[in-house]
Structure formats: C-alpha cells, structure tokens
Amino acid sequence: MSAATEKRSRPSESNVEHSLRVDRLSVRFRLPDATVSAVTDATFTLAAGECLALVGESGCGKSVLVSALLGLLPGNAEIRGRALLDDLDLLSCGERVLASRIRGRRIGLVPQSPAAHLTPVRTVGSQLRETISVLGTAGRDARAAARRYAGRARLGEQHLDRYPHQLSGGLAQRAATALALAGEPWLLLADEPTTGLDRPLVEATMDELARLRDAGHAILLITHDLTAARRVADRVAVMYASRIVETAPTTELFDQPRHPYTAALLDALPERAFRPLPGFPPELTRLPTGCAFAARCSRADRRCDDRPELVTVADGEVACHHPRGG
Ligand SMILES: Nc1ncnc2c1ncn2[C@@H]1O[C@H](COP(=O)(O)OP(=O)(O)OP(=O)(O)O)[C@@H](O)[C@H]1O
Ligand code: NI
C-alpha cells in the first residue's frame with residue numbers, strides 16, 4: 001500500500017489484509033499455424049484501497065490478462081505463472097472454485113458496456129434482487145439489500161423500478177456497478193469502463209471508481225485513456241506487445257516517464273504535444289527476441305537486440321536499456 005493510500009480514509013476493516021499478487025503471468029494461444037504471445041511475464045501487486053491502471057495500445061494483451069484472472073480464457077489458451085488472490089492461486093484453483101467462490105463474490109467485473117450487462121425486459125431492482133439472491137448476500141430482506149447495493153453505486157432508490165432503457169448512460173453504468181457490488185467482492189476489475197462515453201461521463205465514472213477505492217475496494221482499471229487513468233489510479237502499469245514495460249506511481253509516471261514508450265503515449269495526448277506515435281506494434285505471433293519497442297524507438301541501438309529485464313527504478317520499474325532520466 002502506498003503512503004498516499006494510507007493517508008486516505010482507511011479501507012473498511014474486512015478489506016484491510018486483501019491483496020492480489022500476480023507473478024510472471026503468461027498466456028499463449030496455440031493456433032494451427034502460429035502461437036500468439038498475448039501476455040508475457042506480467043508481474044504486479046494490488047492491495048485493497050488501491051487502484052492500478054493498466055494502459056497500452058489496442059491488442060497489447062490487457063483484456064487477455066483480465067480474462068486469465070477470471071478463468072474466462074478459451075480452451076486453446078496456455079497459462080503460466082501465479083495470480084494469488086490472498087492465498088488462492090486463481091490460475092490453478094479450477095473452474096468450480098472460480099465459479100462458486102471467486103467470480104462475483106471476491107472479484108467483481110465492472111462491465112465495458114452496461115447496456116449489455118442489463119436485461120432489457122426487467123426492472124433494475126428485480127435484476128439486482130435476483131443477483132443478490134444467487135450470490136447469497138440478501139440477509140433477511142432482499143429489497144433492503146438491493147437498496148443498499150444501489151446506494152453503494154450511488155443509484156437512487158427511485159431508479160430501481162425502472163427498466164434499463166429508461167436510464168441515462170450514467171445511471172445505467174451505476175446500475176451495472178450495483179450488480180458488480182452485489183456479491184461483496186473486494187477486488188473490482190474494470191476493463192475499458194468508459195468506452196464510448198463523453199468526457200463528463202468518463203470523469204464521473206472515474207470519480208465513482210475513486211470512491212469505491214476509498215471505500216476499501218482494490219481496482220484494476222484497464223484503459224486506453226491516460227487522462228482518465230490519471231484521475232483515479234495510484235499506480236500505472238504500461239503494457240507493450242504483451243509485456244509490462246514500466247510501472248510507477250501515477251504522478252511520477254506523468255511527470256517523469258522513464259520508458260520511451262510511456263513518453264510517446266504521453267506525447268500523443270491532446271493536452272500535451274498531440275503527436276501520435278508513428279508505426280505499429282509487432283505481431284504477437286512474431287515478437288522479436290530483443291526489445292519489442294526498438295523498431296519504433298528513437299533511443300534504440302544494438303544493445304536493444306537483447307531484451308531488457310524489468311528492473312526497479314525509484315518507486316517503479318522499467319524495462320529499457322536507455323531509460324529517460326537514467
Ligand atoms: N482466443 C484467442 N485466440 C487467439 N488470439 C487471441 C484470442 N483472444 C485474444 N487473442 C489475441 O491476444 C492479443 C491481445 O488481445 P487483448 O484483447 O488482450 O488486447 P487488448 O490490449 O485488450 O486490446 P484492446 O485495447 O483493443 O481491448 C490480440 O492480439 C488478440 O488478437
Ligand atoms: Ni481489451
């Protein structure tokens with residue numbers, strides 16, 4: 001837990017000791033004529049009361065990483081490494097345990113598209129009550145429990161009698177979040193929760209995530225949107241071509257990016273240089289043996305033919321032979 005986190009309101013008692021520790025998580029997809037290296041040696045930790053943002057270009061492996069944690073990868077996926085949720089290894093515990101004890105109960109999924117998560121033909125309240133009853137968190141009064149979870153997602157009671165199409169985008173997102181909270185998970189995974197939303201709604205969604213973090217949840221936020229990530233994340237992990245290439249506390253990453261790829265992502269922001277990074281990432285079926293970013297990197301030289309390891313620098317880590325400011 002970072003010093004900044006400790007200064008904030010304390011996570012609720014029950015969440016204090018929880019952590020997710022991912023150690024060298026790799027995912028390969030075997031295809032008839034090729035192997036896709038979707039995630040390679042991902043290593044990070046996340047504690048209750050913290051938000052980690054995982055950022056990187058489309059196709060770099062972010063969603064595959066999330067699916068691996070939830071046990072939702074297809075049969076052709078080959079998974080290595082460990083992902084300890086407290087003492088339980090999510091990668092080896094098996095589908096029965098994941099389905100009965102983990103998904104929805106210890107890990108909640110904040111969906112990408114709330115509309116797709118809600119059934120159009122039933123009121124939000126009835127869906128919430130059903131989820132609560134399936135997850136066994138109703139207590140004596142299912143209606144009171146529904147109101148409680150709606151409240152935690154800041155969905156006013158008056159919306160529980162409405163159908164999803166009667167809700168604005170922001171309220172639909174809150175309804176979906178209420179469903180995600182209904183099993184009392186302490187870890188929330190949010191994969192691109194703001195895709196297609198306008199800026200005010202992006203900011204509102206990030207503020208909601210920040211509130212849940214301050215209430216003691218751990219949040220793994222997957223996003224393309226660095227500006228949104230900055231609003232809520234305590235730390236950022238930057239992923240390129242299946243690997244995490246830099247992690248740092250959010251302020252440090254924005255003020256002093258060490259990996260040239262991180263710097264390029266920041267330069268592409270409209271509020272900064274607005275200079276897009278030319279070129280494309282390598283195919284995940286044909287990753288180079290050296291640094292995968294070298295082909296697009298102005299600092300690359302022959303040393304980059306050998307792949308740089310992720311090493312600790314200040315409060316973060318970087319995988320680069322020529323880090324900036326180093
Ligand atoms: N079942 C599968 N079989 C083969 N390859 C797959 C499979 N699922 C995903 N991939 C590949 O794994 C890579 C990583 O995909 P992933 O969806 O994790 O990217 P992402 O970083 O989430 O991108 P985006 O930002 O666009 O959501 C992609 O090249 C994708 O084509
Ligand atoms: Ni994705």
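Ligands are counted one by one from 1 in listed order, and the atoms in each one are counted from 1 as well. This one's a predicted model, so the numbers in the text were calculated from it and none came from an experiment.
Atom 30 (C) of ligand 1 lies below 4.0 Å from none of the non-hydrogen atoms of the protein.
No donor-acceptor contact under 3.5 angstrom links the side chains of Tyr163 and Gln127, judged on distance only. For the residue pair Glu317 / Thr312, no side-chain donor-acceptor distance below 3.5 Å is found, with atom types taken as modelled. Between the side chains of Thr123 and Asp161, not a single donor N or O lies within less than 3.5 Å of an accepting N or O. A donor and an acceptor atom, one from each side chain of Tyr240 and Arg296, are located under 3.5 Å apart. For the residue pair Arg30 and Thr35, a side-chain donor N or O sits within less than 3.5 Å of a side-chain acceptor on the partner.
Those atoms of ligand 1 with a heavy atom of Leu284 less than 4.0 angstrom away are 13 (C), 29 (O). Listed by atom number, the atoms of ligand 1 under 4.0 Å from Ala38 heavy atoms are 12 (O).
Contact annotation: for Asn76 versus ligand 1, heavy atoms closer than 4.0 Å belong to the side chain alone. Under 4.0 Å from ligand 1, heavy atoms of Cys60 appear from its side chain as well as its backbone. Within the 4.0 Å heavy-atom criterion, neither part of Met239 lies near ligand 1.
Relative to the ring axis of Phe254, Arg230 places its NZ or CZ within 45° and under 6.0 Å from the centre.
For the Ni ion (ligand 2), protein N/O/S neighbours under 2.8 Å (waters excluded) are Ser63 OG.
Below 3.5 Å of separation, one finds an N or O of Val64 facing an N or O of ligand 1. The shortest N/O to N/O separation between Leu65 and ligand 1 does not fall below 3.5 Å. In terms of N/O distances under 3.5 Å, ligand 1 is not approached by Leu31.
Protein heavy atom at the shortest distance from atom 17 (O) of ligand 1 is Ser63 CB, 3.6 Å. In terms of protein heavy-atom proximity, atom 11 (C) of ligand 1 is closest to Val36 CG1, 4.0 Å. Among all non-hydrogen protein atoms, the one lying nearest atom 23 (O) of ligand 1 is Gly59 N, 2.7 Å. The closest protein non-hydrogen atom to atom 5 (N) of ligand 1 is Phe29 CD1, 3.4 Å. Here the heavy atom of the protein found nearest to atom 1 (N) of ligand 1 is Pro74 CG, 3.3 Å. Distance from atom 24 (P) of ligand 1 to its nearest protein heavy atom, with residue and atom name: Ser58 OG, 3.6 Å.
With Arg24 contributing its side chain and Thr43 its backbone, the two residues share no donor-acceptor pair below 3.5 Å.
For Arg211, the CZ atom sits in a packed shell: over 12 heavy atoms of surrounding residues, nucleotides or ligands are nearer than 6.0 Å. Heavy atoms of other residues, nucleotides or ligands lying less than 6.0 angstrom from CZ of Arg122 number more than 12.
Results of the salt bridge (charged side-chain N to carboxylate O under 4.0 Å, His left out) test with Glu184 over Arg106, Arg152, Arg105 single out Arg152 as the only residue that passes. Considering Asp225, Thr227, Thr194 in turn, Asp225 is the only one that fulfils the side chain to side chain donor-acceptor pair (under 3.5 Å) rule with Arg199.
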Legend entry - From CA spacing to verdict: side chain to side chain contact (heavy atoms under 4.5 Å, CB included), Leu277, Leu265: CA-CA 7 Å; Leu277 171 62; Leu265 284 180; 5.7 Å; no
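Side-chain contact between His217 and His18 is absent, with no heavy-atom pair separated by less than 4.5 Å.
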